[in-house]
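Data first, discussion second: the structure below is written as structure tokens.
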Amino acid sequence: SSESGEHDVVVIGGGPGGYVAAIKAAQLGLKTACVEKRGALGGTCLNVGCIPSKSLLNNSHIYHQIKHDIKQRGIEVDNVRLNLDQMMAAKDKSVKGLTGGIEILFKQNGVDYVKGTGTITGENEVKVKPIDGGEEISLKTKNIIIATGSEATPFPGLEVDEKKVITSTGAIALTEVPKKMIVIGGGIIGLEMGSVWSRLGAEVTVVEFLDAIGGPGMDADIAKMAQRILGRQGIKFKTSHKVLSGDASGEGVKLEIESVKNQKKDTLEADVVLVAIGRRPYTEGLGLENVGIETDERGRIIIDQEYRTKHENIRVIGDVTFGAMLAHKAEEEGIAAAEFIKKGYGHVNYGAIPSVMYTHPEAAWVGQSEQEVKASGKEYVVGTFPFLANSRAKTNLETDGMVKFIADKETDRVLGIHIIGPNAGEMIAEGVLAIEYGASSEDIARTSHAHPTLSEAFKEAAMATYDKAIHA
Ligand code: FAD
Ligand code: NAD
């Protein structure tokens, strides 16, 4: 095999964790390579996750709005039709632009982009099998950062063909709108992709094991409101129902489901079934066994506070290890890991990582949910404000949703902020900053917010936490 000169850092995986770690390491003056086997940079997020799903969510929303919500605004539009091919082409264009952009950033920062599958063969060596089939490359390195991400958790007995039985990867690439779609799992992927296909005309049923949708971390009040609003948009929900088995041997797909409450069984049929029951760490072919690195019972690579495995020079970030499977969380860790290598210190505030569900309206939150605060035993106060009482939401004819604050009863320090409503994903940034700075709800309520904006609902929910809101 051929050899290149020694690197300071070899990053395995070019997703949000890996590419950011590689750029930061190079900016810090370290000789850095990034190994990626997909043929494009950006990982799950840019290629088959965050970016393509948001493109489809945005454009399917515009389509749906023109079809169902435009007349009341005084706009008459006739003959609205879907051009699914064009919608997919618009998505592909965004993806291509962004993944290509990272390649340019690599060049600008002097990161060596190695296209191939990386296998750790020793503490200081990564061997790469190039995707173009060329000769194996040996990269000698002082440090390794593993950022190999995650993959969809399969549903036992239902083989994914990405046509009839799909994961999110198939759900961003269907070539026609299915008549009936069943989504297994009412977490973020299920609700985002379920929304897309429901808006485009599919009859969508979401089967969720728990008694609430939204996946782990969503505040119960927000989850309830989300279910009501999405239900009004036409998505059917079967919460407290478990999918027992599936059969895709016929023309469509049959699922056997069971009520968690009374064990009553039922059969559902659909043209397409989306499996969205979570994601699991991806370490196939990585060679962990060659260096004795262990994973936990869920497949996550075990690390310490500084992202180190049992080998001090091999660090791990992103979806393949602990914590929320979010792109911005992986990016923060990428920067911190590079800084640990160069400077010996780095930091991520895990208490201030926002979550956003990009349905319409969006749901967004940061900090603890009410159920988490309750479980901690801390005394707390809650303040809420409905968008129905917000002037901008009213003029926009978008009044669904609310802002909810949870603060420490004694100190008024903000513990959690939960929003469901128009633009919640942008609005939550203010909440993240509040938590990062250790703000009290009164700090926020006494900060001037422009009128008329949606963010006044944010201010008034803060006010309602220690005092009374003005407009509610
Ligand atoms: P990944 O992005 O998975 O990247 C890992 C990369 O490593 C891959 O490209 C893989 O090809 C490569 N790789 C693996 N093994 C090797 C090897 N041995 N050699 C070379 N290369 C290798 N998060 C958000 O924050 N916001 C969202 O809106 C959002 N939407 C999502 C929508 C969908 C449909 C999905 C599936 C996920 C979404 N996520 C979202 C989650 C987000 O995509 C992940 O949290 C993020 O991509 C994790 O980054 P990562 O760098 O850890 O791993
Ligand atoms: P998830 O863990 O969020 O939700 C999976 C849901 O499936 C859970 O509610 C679970 O109770 C349910 N479930 C599991 N087995 C079931 C069964 N047999 N029958 C019925 N229900 C069942 O997972 P996901 O939605 O697949 O998302 C995976 C990851 O990707 C998450 O970590 C998520 O944060 C991330 N992601 C984030 C975004 C975003 O930030 N906007 C978007 C998409 C994905």
Side-chain angles (χ1 to χ4, degrees), residues 11-21 34-54 56-57 114-120 126 128-129 131 146-153 155-156 167-169 171-172 183-193 206-218 223 238-246 255 257-258 260 274-287 316-321 323-331 333-334 353-359 362-364 425:
V11 182
I12 308 179
Y19 87 72
V20 168
C34 181
V35 186
E36 170 57 61
K37 69 175 181 176
R38 185 187 291 273
L41 293 168
T44 302
C45 180
L46 273 70
N47 291 282
V48 291
C50 327
I51 296 302
S53 63
K54 263 83 261 178
L56 293 177
L57 276 157
V114 186
K115 296 180 191 174
T117 303
T119 302
I120 300 171
V126 175
V128 183
K129 201 164 177 276
I131 40 183
I146 299 172
T148 49
S150 61
E151 62 179 351
T153 306
F155 188 89
T167 66
S168 52
T169 300
I172 55 160
V183 179
I184 311 181
I188 306 287
I189 291 188
L191 298 177
E192 288 188 351
M193 297 320 300
V206 175
V207 185
E208 167 58 51
F209 175 70
L210 301 174
D211 63 0
I213 60 167
M218 190 182 281
K238 279 203 163 293
T239 50
S240 301
H241 277 80
K242 194 161 106 185
V243 176
L244 294 175
S245 63
L255 295 183
I257 65 168
E258 182 187 85
V260 178
L274 167 60
V275 179
I277 57 172
R279 293 180 62 81
R280 62 181 189 191
Y282 181 80
T283 53
E284 213 180 288
L286 184 57
V316 191
I317 57 170
D319 280 11
V320 73
T321 185
M325 289 189 172
L326 294 171
H328 44 283
K329 176 263 192 189
E331 293 187 27
E333 291 182 341
I353 306 262
S355 295
V356 181
M357 174 170 86
Y358 298 84
T359 47
E362 294 174 349

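One-based numbering along the sequence shown. Counting starts at 1 for both ligands and their atoms, following the listed order.
The shortest side-chain heavy-atom distance between Asp319 and Thr44 does not fall under the 4.5 Å cut-off. Contact of the Glu192 side chain with the Leu57 side chain is registered, since non-hydrogen atoms from C-beta on lie closer than 4.5 Å. Under the 4.5 Å side-chain criterion, counting only non-hydrogen atoms from C-beta, Met193 is in contact with Ser53.
Backbone and side-chain nitrogen or oxygen atoms of Glu192 are examined, and one is located within less than 3.5 angstrom of a nitrogen or oxygen of ligand 2. Any N or O atom pair closer than 3.5 Å counts here, and Phe209 shares at least one such pair with ligand 2. Considering backbone and side-chain N/O of Glu208, one or more are found under 3.5 Å from N/O of ligand 2. When only interatomic distances are considered, the shortest N/O to N/O separation between Val243 and ligand 2 falls below 3.5 Å. Taking distance alone, with nitrogen or oxygen atoms compared against 3.5 Å, Pro216 stays at or beyond that limit from ligand 2.
A donor-acceptor pair is defined here as one N or O able to donate and one able to accept, closer than 3.5 Å; no such pair exists between the side chain of Glu331 and the backbone of Pro16. With hydrogens and angles ignored, the 3.5 Å screen pairs a side-chain donor or acceptor of Thr153 with a backbone N or O of Gly278.
The option with the heavy atom closest to atom 37 (C) of ligand 2, from among Leu326, Thr359, Leu57, is Leu326. Nearest to atom 43 (C) of ligand 2 by heavy-atom distance, out of Val183, Thr44, Leu244, Ile189, is Ile189. Among Lys242, Met218, Met325, the residue whose heavy atom sits closest to atom 35 (C) of ligand 2 is Met325. Atom 4 (O) of ligand 2 has its nearest heavy-atom neighbour, among Ala152, Ala212, Gly187, in Gly187.
Scanning all protein heavy atoms for the shortest distance to atom 28 (C) of ligand 2 gives Arg279 CG, 3.6 Å. Ranking the protein heavy atoms by distance from atom 38 (C) of ligand 2 puts Ile188 CG2, 3.5 Å first. Distance from atom 5 (C) of ligand 2 to its nearest protein heavy atom, with residue and atom name: Ala276 O, 3.5 Å. The shortest contact between atom 16 (C) of ligand 2 and any protein heavy atom is with Ile277 CG2, 3.7 Å. Closest protein heavy atom to atom 39 (C) of ligand 2: Val356 O, 3.4 Å. Scanning the protein heavy atoms around atom 23 (O) of ligand 2, the nearest turns out to be Gly278 CA, 3.2 Å. Closest to atom 7 (O) of ligand 2 among all protein heavy atoms lies Gly185 CA, 3.2 Å.
In plain terms, the two heavy atoms of Val260 and His241 that are nearest each other are CG2-N, 3.9 Å. Shortest non-hydrogen contact noted between Ala223 and Ile213 is CB-O, 3.4 Å. Nearest heavy-atom pair across Leu46 and Pro52 is O-CD, 3.4 Å. Residues Ala364 and Val356 approach most closely at CB-CG2, 4.1 Å, considering heavy atoms. Counting all heavy atoms, side chain and backbone alike, Val48 lies closest to Ile172 at CA-CD1, 3.6 Å. Smallest separation of non-hydrogen atoms from Ile317 and Ala21: CD1-CB, 4.0 Å.
When the salt bridge (Lys or Arg N to Asp or Glu O under 4.0 Å) test is applied to Glu258, the partners found at least two apart in sequence or on another chain are Lys265. Partners of Val243 by side-chain contact (heavy atoms from CB on, under 4.5 Å), not counting sequence neighbours, listed by chain and number: Phe155, Ile184, Val207, Leu255, Ile257.
With ligand atoms numbered from 1 in the order given, ligand 2 contributes 20 (C), 21 (N) to contacts under 4.0 Å with heavy atoms of Val207. Near Leu210, meaning under 4.0 Å from one of its heavy atoms, ligand 2 places the atoms 11 (O). In the vicinity of Tyr358, heavy-atom distances shorter than 4.0 Å reach the ligand 2 atoms 41 (N). Per-residue contacts place Phe155 under 4.0 angstrom from the following atoms of ligand 2 (heavy atoms of the residue considered): 18 (N).
Applying the side chain to side chain donor-acceptor pair (under 3.5 Å) definition to pairs two or more places apart or across chains, those involving residues 278-287 are Lys37-Tyr282, Ser150-Arg279, Glu151-Arg280.
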Ligand 1 polar-atom proximity to protein (N/O, under 3.5 Å):
residue, atom, partner, partner atom, Å
ligand 1, 2 (O), Thr44, N, 2.9
ligand 1, 3 (O), Thr44, OG1, 2.6
ligand 1, 9 (O), Glu36, OE1, 2.8
ligand 1, 9 (O), Glu36, OE2, 3.1
ligand 1, 9 (O), Arg38, NE, 3.0
ligand 1, 9 (O), Arg38, NH2, 3.3
ligand 1, 11 (O), Glu36, OE2, 2.7
ligand 1, 18 (N), Gly118, O, 2.9
ligand 1, 19 (N), Gly118, N, 2.8
ligand 1, 21 (N), Lys37, N, 3.3
ligand 1, 23 (N), Ala327, N, 3.4
ligand 1, 25 (O), Ala327, N, 2.9
ligand 1, 25 (O), His328, ND1, 3.3
ligand 1, 28 (O), Lys54, NZ, 2.7
ligand 1, 30 (N), Cys50, N, 3.4
ligand 1, 30 (N), Lys54, NZ, 3.3
ligand 1, 45 (O), Asp319, OD1, 2.9
ligand 1, 45 (O), Asp319, OD2, 3.2
ligand 1, 45 (O), Met325, O, 3.3
ligand 1, 45 (O), Leu326, N, 3.2
ligand 1, 45 (O), Ala327, N, 3.4
ligand 1, 47 (O), Cys45, N, 3.4
ligand 1, 51 (O), Pro16, N, 3.4
ligand 1, 51 (O), Gly17, N, 2.9
ligand 1, 52 (O), Asp319, N, 2.9

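The number of heavy atoms from other shown groups lying within 6.0 Å of NZ (Lys242) does not exceed 12.
Applying side chain to side chain contact (heavy atoms under 4.5 Å, CB included) to Val183 and the options Leu274, Val275, Ile277 leaves one that passes, Leu274.
Looking at His241 against ligand 2, only its backbone comes within 4.0 Å, counting heavy atoms.
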